[in-house]
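Notes for the one structure printed next.
Computed from a predicted structure; not experimentally measured. All ligand and atom numbering here is 1-based and tracks the order in the structure.
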Amino acid sequence: MREKILEMEEYANEHNVPIIEKDSIAFIMKFIKANNVKSVLEIGTAIGYSAILMAQSTDDVVVTTIERDETRYMEALKNIKKCDLENRITVHYQDALEMNLSGVSYDMIFIDAAKGQYTKFFEKYKYFLNPGGVIITDNLKFHGHVGNRSNIASKNLKQLVGKIEDYIDFLKNNEEFETKFYDVGDGLSVSIKKNDI
Ligand code: SAH
Ligand code: MG
C-alpha cells in the first residue's frame, strides 16, 4: 500500500496535481479516528490521494468524493481500484456546485476544490451534515499568500487570495459553526456545527 501511495505522490508531482500536504492528511486521519467519523464527503478528488488515505484511517469509514476533471477522475478510479478500496470509496464525475444530493448525510465534509468557491461549497453542503458534523477546509494559507495580498503582482492570484480571506472571515463570523484554524500544512480549518438550540 505504501508503494501505491508513493506512486501517487510521484504522479502528482510530475503532472502538477495539488494533492494535500503530508502533515494535513495526517491531521485529518487522526481526526477521523479520534472522532469516530464513519462517513466523509470530499469535494475535489483529484487523483484520489486524500480519499484513499482518509479511507485508510479506520477499517470502516466510507468516503464519497466529487471531481469535475475527467482525466483526474479516471486516474482516481484507477488508484482506488489498485488499493482495493472500491467498496469504501465512491467517486462522482461532476461539478460539485451542480450536483444534486438528496437523502444522504455525512459525519465530515472535506472541502478541497476551487479555492474561489469555498463559501459556495460550504453553504451548499452544510445541509448534508449529520448532527455534530464537521466541515474541514484545506489550503487556507494558500502557500503563504493569504494575509500578504499586497505583495502579489498577478491580478487573478490577488483576487483568488482575496476570496480565501473572505472565506476565513465568513467562517469567523458564522453563527451556526464554531471554527478553529490550524497552522498545519497549507492551513486547515475545522468547523463544528453548533447544537441546534
Ligand atoms: N483532495 C485532493 C486534491 C484536490 S485538488 C488530494 O488532496 O488528494 C482540487 C480538485 O478539485 C481538482 O482536481 C479540481 O479539478 C477539483 N475541482 C475544482 N472545482 C470543482 C468543482 N466545482 N466540482 C468538482 N471538482 C472540482
Ligand atoms: Mg488541498
In D112, which N, O or S atom comes closest to the Mg ion (ligand 2)?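 The atom in question is OD1.
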
What N/O/S atom of D138 is the closest to the Mg ion (ligand 2)?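 Nearest N/O/S atom: OD2.
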
Could you go through T64 and E42, starting from their C-alpha distance and side-chain angles, then the distance that decides it, and tell me whether this counts as side-chain hydrogen bond (donor to acceptor under 3.5 Å, both in side chains)? CA-CA 6 Å; T64 302; E42 175 183 63; over 6 Å; no

Residue pair Y93, E67: steps toward the side-chain hydrogen bond (donor to acceptor under 3.5 Å, both in side chains) verdict: CA-CA 5 Å; Y93 170 44; E67 175 56 53; over 6 Å; no

For a quick check under 3.5 Å, do S24 and Y182 share a side-chain donor-acceptor pair by atom type?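 Y182 and S24 do not have a side-chain donor-acceptor pair below 3.5 Å.
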
Can you tell me how far the NZ atom of K38 sits from the CE atom of M108, to the nearest 0.5 Å?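 So the NZ of K38 and the CE of M108 are separated by 14.0 Å.
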
Between OG1 of T119 and CG of D169, what distance do you get to the nearest 0.5 Å?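 The CG atom of D169 is 9.5 Å from OG1 of T119, to the nearest 0.5 Å.
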
Tell me which one of F177, F122, Y118 satisfies ring pair (Phe, Tyr, Trp, His ring centres under 6.0 Å) with F170.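 Exactly one option meets the ring pair (Phe, Tyr, Trp, His ring centres under 6.0 Å) with F170, and it is F122.
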
Ligand 1: which protein N/O atoms lie under 3.5 Å from its N/O atoms?
residue, atom, partner, partner atom, Å
ligand 1, 1 (N), E42, OE2, 3.4
ligand 1, 1 (N), G44, O, 2.8
ligand 1, 1 (N), S50, OG, 2.9
ligand 1, 1 (N), D112, OD2, 2.8
ligand 1, 7 (O), I20, N, 2.9
ligand 1, 7 (O), S50, OG, 3.2
ligand 1, 7 (O), D112, OD2, 3.4
ligand 1, 8 (O), S50, N, 3.1
ligand 1, 8 (O), S50, OG, 3.2
ligand 1, 13 (O), E67, OE1, 2.8
ligand 1, 13 (O), E67, OE2, 3.2
ligand 1, 13 (O), R72, NH1, 2.8
ligand 1, 15 (O), E67, OE2, 2.5
ligand 1, 19 (N), R68, NE, 3.3
ligand 1, 19 (N), R68, NH2, 3.4
ligand 1, 19 (N), A114, N, 3.3
ligand 1, 22 (N), D95, OD1, 3.0
ligand 1, 23 (N), A96, N, 2.8
ligand 1, 25 (N), R68, N, 3.3

Under 2.8 Å from the Mg ion (ligand 2) - does any N, O or S atom of S50 fall there?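 Of the N, O and S atoms in S50, none lies under 2.8 Å from the Mg ion (ligand 2), which means no.
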
Among K115, R149, K172, exactly one meets salt bridge (charged side-chain N to carboxylate O under 4.0 Å, His left out) together with E165. Which residue is that?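 Single salt bridge (charged side-chain N to carboxylate O under 4.0 Å, His left out) partner of E165 among K115, R149, K172: R149.
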
